[in-house]
Each structure stands twice: as structure tokens, then as C-alpha cells.
Amino acid sequence: MQIEFDKTILERYYIKDEVGTGSFGKVYKLQHLTKNKSFALKVDIRQKGSVLLEAKILADLQGGVGIPKLYKYGSTDQFSYMIVELLGPTLNKLLKQCKGKFSLATVISIMLQLITRIEYVHRKGYLHRDLKPHQVLVGKNPKIVYLTDFGLARKFEVNNYHISFQNSCPRVGNATFSSLNNHSGVRQSRRDDLESMAYMALYFLKGHLPWQSTQRINSNTKWQNIFQIKNHINIENLCFGCPKEFSILLKYCRNLKFEEKPDYNYIQSLFLQIQKRENLYESFFDWIEDEKSLRSPTTICEFSQSLSISNNIPRCSTINVENTRVGIKDEIKDDMNDKRRKKNRARTQTQMIIKKNKKENMLNIDIKIVEQGDNQLSSKTWFDESTYNSLDVTPKNIYPEIKNRKAWSNVLKVKKDKKICKVF
Ligand SMILES: Nc1ncnc2c1ncn2[C@@H]1O[C@H](COP(=O)(O)OP(=O)(O)OP(=O)(O)O)[C@@H](O)[C@H]1O
């Protein structure tokens, strides 16, 4: 359908490009004729008034951080529309740009903001009911994420009364990120938004959810197939490879009662816990250019050594320990102010790959020191012999499962390019 835009909406604006399409309509970039200002125009071509309903909800939500500003809404003979703040790409688009996965630091930075957005919407008495990566967009400031598309949002609290429990309700929203209760026809409440949020966190970190399929099937079959997998998969298997807090979060969301107010601070604290433990940046986004360069590590040196072992090493495995603290020589430490020291530490990673060669009863240790981004101290200065000697790596860090310290009684020295690495 070709839209003839009404002059009364557009007398001061012109439409530049289409910036998105959804199931209810299209979104265009709108440019002011004289001022250098752009907006987004969301148009409901099916004339069902869904954009008007969304605009009214958005009007109620105005003032929250990460909630798009609403400028105007109304309808013409042909369509209803709203003019809102023009935002940047969706997280789904950014995920594709970042090769299908976000780093742990980025996932946490996103989730810390998203939980605040959801809490805000809930505080205003609304449920979003359709959370997915397409609905989260970055703003002009690419470090701020916005929650959008309130087309399916509804009140869960009217005159301070929580809506009543119901089952046999029609499913609402999208199947991939839907809560189990929504799949089963249970009326949505705050807990369902949070369960969707937990699936988003997993999706961002792993790049895929086990129930996602590229098969073209009708909507009903899709909902059913997804439910089958989502309902039967063990949470630990689903969260395999992610920090333990991801499974704790999902269990927490699934155990919330229908009317229960989620503990948003607790959820925040789970993510902050990971951030602290893994020594991650507080606000890190893979899609920001200079942060991208930080993500492409430069290998400074690699060592390999085989160690004869007679003890029982629990199992043959490869362990990649990232973000291990790397010691810095004292005089270099003195040169650095606190901020720089923190930055340098966060930008350096020691990766240790430990493989047990079962047949020969040998333990192969590969140590790789990588530096992320540029440092004021060049890698040559930084990684001299004494720096290697001060590597703060303990067997426990390297391989926590090794109980018998005898296996490590030998100090392992690895010589390569006249540099010495000492692993205690
Ligand atoms: N304010 C905005 N600024 C820039 N692009 C936007 C904005 N709002 C939406 N978009 C783009 O338009 C797309 C569709 O918008 P939206 O999700 O609001 O439409 P919808 O019809 O409700 O979609 P859905 O099928 O997801 O319910 C978004 O995925 C996004 O790419």
C-alpha cells in the first residue's frame, strides 16, 4: 500500500527513509524542513489504531531514561501515526554486526540498563509483554539502550489492584523470548517480562537459543515446537558455558509468583557480581569503534610446556582461563595512577590452555598473553623478564580442579625468546 502523507502532519517535515518494518506498520525517518532535526514516524497501515494505543502508553511512560520521547500522535483518513525520537539500530542488528555474539562485558552492560528500563515500566503499572532484541535500540549516544514498541503493553495494576490470575489466555508477543507461562496460556504479569529478559541475556552471550529454528513453519506449530524444547531443556544445559548467575537468574524468574514484585536490585546484583569477579569494564559496548579495537587482542607471546605427571588429574580437558590477573613490575606500578593501572589490568589477559595427554601422562600447558587495545606502556616495556617473573598465577587459578598440589610442586619455567615465564 502506497501511503499519501497528509500535509498537516508533514507540512514541516519530509520523509527521508524507511528505517524499519514491524508486524503493525512501518517506521520512517522524518526530517524537519528547516531545522537540522530528525524524528521517527511510526505509521499503522492497518488502521487498527494500534499505534494510537501505543502512543497513549508511551505518553504515560514519558520521562524515563531510555524511553523514546513522544512528540506527536494522531490519525488521518488513511492511517494512524506517532512521531517519536529517532533512535539508532536494534540490538539484533548490532549483534549481527558483532558476528552474532556479544562479549560478556557487553551483555552485562546491556542487562544492567535493561533491568532498569523494565523496572521503570513496571513502576508505571505496565507490562511490556513482547520483549525481544528487536525492541531494544541504542540512542544517539550508543551507550544508552532504549526500550521501544509498547504496542502490546498493558496495565497490570489498576487503582493499586493487581490484575487477577487467569489461564486459557491467548498467547501474546513473540515465541522465541516468551515465558513458559505465556506459552501455556497463563495471563502475563511482571515475572514474564523478566523471564524474557533472561532469555535475551543468554541469546546475546551465546548467539543462539536451542529452540530457534530457521524452518518456515506456521505460527501455531512454531509456538508449540518452541514450547516443547524450552519446557524440557534442563536449565544447567541451557546455560552451559555462561557464568552461573545466568542460570540463577532464570530459575529466579521462573519461580516468581503471579503477583510477586520482582527484586530488581537482586537481579542487578547478579550481573554486578559477574562484572566484579571477571574484572570487566563497567560500561562496555562491542559496537563502539574504539571498544572494538580493544576486543581484537594482540598476542604478545605464547609459551608451551609439557610437564610429566604421575598424579591423578581429574579429566582430560582444555581450560581457557581469561582475565587472570597479570602482575606488573613494581616501578611500572609506581608510574601509573590508579585509573591507568585499572585500565591496563583490564586490558590484559592471560589465557592458559591445559590439556592432559592421557596416553603419555603428560600435562601440556599453553600460556598465551594477550593485550587488548593500545597501552601507553608498550608491550615491550611492559612484558620484560621481571614482569613475567611477577606473573600472579597460581595452580588454583589455572586449574581449580587440581586438589593435589604435589603435581605442582615443580616450578615450571618456560624459556622462549630470552624471556622467562614462571608458573608457581
Ligand atoms: N524510534 C525509532 N527510531 C529508529 N528506528 C525505529 C524506531 N522505532 C522503531 N524503529 C525500527 O522499526 C522497527 C519496527 O518498529 P516496531 O517494533 O516499533 O514496530 P512493530 O510493528 O510494533 O513491530 P513488531 O513486529 O516487532 O511488533 C524496529 O525493529 C526498528 O528497526
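Bear in mind the structure is a predicted one, so any value in this text is a computation, not a measurement.
Between Ile163 and Phe258, the closest heavy-atom pair is O-CE2, 3.3 Å. Counting all heavy atoms, side chain and backbone alike, Gln113 lies closest to Val145 at OE1-N, 2.9 Å. When every heavy atom of Arg254 is checked against every heavy atom of Lys230, the shortest pair comes out as NH2-O, 3.6 Å. In this structure, Ile229 and Pro210 approach most closely via the heavy-atom pair CD1-O, 4.1 Å. Of all non-hydrogen atoms in Ser103 and Asp286, the two that sit nearest each other are N-OD2, 2.7 Å. Taking all atoms of both residues into account, the shortest heavy-atom contact from Ser109 to Glu282 is OG-O, 3.6 Å.
No donor-acceptor pair closer than 3.5 Å links the side chain of Lys132 to the backbone N or O of Ala175. Looking at Glu195, its side chain never comes within 3.5 Å of a backbone N or O of Ser179 through a donor-acceptor pair. No donor-acceptor distance shorter than 3.5 angstrom exists from the side chain of Lys93 to the backbone of His134, with no hydrogens or angles considered. Here the side chain of Ser247 pairs no donor or acceptor atom with the backbone of Cys239 at under 3.5 angstrom. With hydrogens and angles ignored, the 3.5 Å screen pairs a side-chain donor or acceptor of Gln275 with a backbone N or O of Tyr281. Using modelled atom types, one side-chain atom of Trp287 and one backbone atom of Pro142 make a donor-acceptor pair closer than 3.5 Å. Remark: the backbone N or O of Leu127 is not paired with any side-chain donor or acceptor of Asp193 at under 3.5 angstrom. With Tyr120 contributing its side chain and Gly64 its backbone, the two residues share a donor-acceptor pair below 3.5 Å. Checking side-chain atoms of Arg190 against main-chain N and O of Pro262 turns up no donor-acceptor pair under 3.5 Å. Counting only distance, with no hydrogens or angles, the side chain of Asp192 and the backbone of Ser189 share a donor-acceptor pair below 3.5 Å.
Under 4.0 Å is where a charged nitrogen must lie from a carboxylate oxygen, and between Glu260 and Arg191 no such pair does. Looking at Lys42 and Asp149, a side-chain N of the basic residue comes within less than 4.0 Å of a carboxylate O on the acidic one, giving a salt bridge. A salt bridge links Lys251 with Glu236: at least one charged nitrogen is closer than 4.0 Å to a carboxylate oxygen.
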Pair Tyr203, His208 - check ring pair (Phe, Tyr, Trp, His ring centres under 6.0 Å), show working.
CA-CA 5 Å; Tyr203 171 68; His208 188 259; 7.9 Å; no
Applying side chain to side chain contact (heavy atoms under 4.5 Å, CB included), run through Met197 and Ile115 and close with a yes or a no.
CA-CA 8 Å; Met197 188 202 74; Ile115 183 71; 3.8 Å; yes
Between Asp263 and Tyr252, does the side chain to side chain contact (heavy atoms under 4.5 Å, CB included) criterion hold? Intermediate values first, please.
CA-CA 10 Å; Asp263 187 343; Tyr252 172 77; 3.2 Å; yes
Mind running side chain to side chain donor-acceptor pair (under 3.5 Å) on Thr116 and Gln268 for me, showing each step along the way?
CA-CA 9 Å; Thr116 319; Gln268 290 260 9; 3.2 Å; yes
Show your working on side chain to side chain contact (heavy atoms under 4.5 Å, CB included) between Tyr146 and Ile67 and close with a plain yes or no.
CA-CA 6 Å; Tyr146 283 71; Ile67 301 293; 5.8 Å; no
Apply ring pair (Phe, Tyr, Trp, His ring centres under 6.0 Å) to residues Phe39 and Tyr13 and explain how you reach the verdict.
CA-CA 9 Å; Phe39 304 88; Tyr13 309 95; 5.5 Å; yes
Show, in sequence, the C-alpha distance, side-chain angles and deciding distance for Tyr73 and Ile83, and conclude whether the side chain to side chain contact (heavy atoms under 4.5 Å, CB included) test is met.
CA-CA 6 Å; Tyr73 62 95; Ile83 299 177; over 6 Å; no
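Under the side-chain hydrogen bond (donor to acceptor under 3.5 Å, both in side chains) rule, Gln135 has a single partner from Asn92, Thr90, Asp130, which is Asp130. A ring-ring contact (aromatic ring centres under 6.0 Å, His included) with Tyr199 is found for one member of Phe177, Trp211, Phe204 and no other, namely Trp211. A side-chain hydrogen bond (donor to acceptor under 3.5 Å, both in side chains) with Asn182 is found for one member of Arg171, Arg187, Gln188, Arg129 and no other, namely Gln188.
For Arg277 and Gln273, the side-chain atoms include no donor-acceptor pair closer than 3.5 Å. Looking only at atom types and distance, the side chain of His122 has a donor-acceptor partner in the side chain of Tyr264 under 3.5 Å away. Side-chain atoms of Asp17 and Tyr28 include no donor-acceptor pair closer than 3.5 Å.
No more than 12 heavy atoms of other residues, nucleotides or ligands lie within 6.0 Å of CZ in Phe240, so this atom counts as exposed by the packing criterion. Atom NZ of Lys261 sits in a sparse spot, with 12 or fewer heavy atoms from other residues, nucleotides or ligands closer than 6.0 Å.
Residues Val51 and Val43 fail the side-chain proximity criterion, which asks for heavy atoms closer than 4.5 Å. Within the 4.5 Å cutoff, the side chain of Tyr14 has heavy atoms near those of the Leu33 side chain. Within the 4.5 Å cutoff, the side chain of Arg123 has no heavy atoms near those of the Ile118 side chain. A heavy-atom distance below 4.5 Å is found between the side chains of Met200 and Leu131. Using a 4.5 Å heavy-atom cutoff, the side chains of Val136 and Thr148 are not in contact. Put simply, the side chain of Leu91 does not reach to within 4.5 Å of the side chain of Leu137, judged on heavy atoms. Under the 4.5 Å side-chain criterion, counting only non-hydrogen atoms from C-beta, Leu104 is in contact with Pro243. Between Ile108 and Leu280, the closest side-chain pair of non-hydrogen atoms falls below 4.5 Å.
Atom-to-atom distance recorded for Asp44:CG and Phe79:CZ is 10.0 Å, nearest 0.5 angstrom. Taking CG of Leu194 as the start and CD of Glu119 as the end, the distance is 9.5 Å to the nearest 0.5 Å. Rounded to the nearest 0.5 Å, atoms CG (Leu61) and CG (Leu70) are 10.0 Å apart. The CG atom of Leu41 lies 10.5 Å from the NZ atom of Lys72; values are rounded to the nearest 0.5 Å. Distance CG/Leu152 to CD1/Ile57: 9.0 Å, rounded to 0.5 Å. Here the straight-line distance linking atom CG of Leu272 with atom CD of Glu245 works out to 10.5 Å at 0.5 Å rounding.
If you look at Phe150 and His128, their ring centroids are closer than 6.0 Å.
For the pair Lys143 and Phe285, the cation-pi criterion (under 6.0 Å, within 45° of the ring axis) is not fulfilled.
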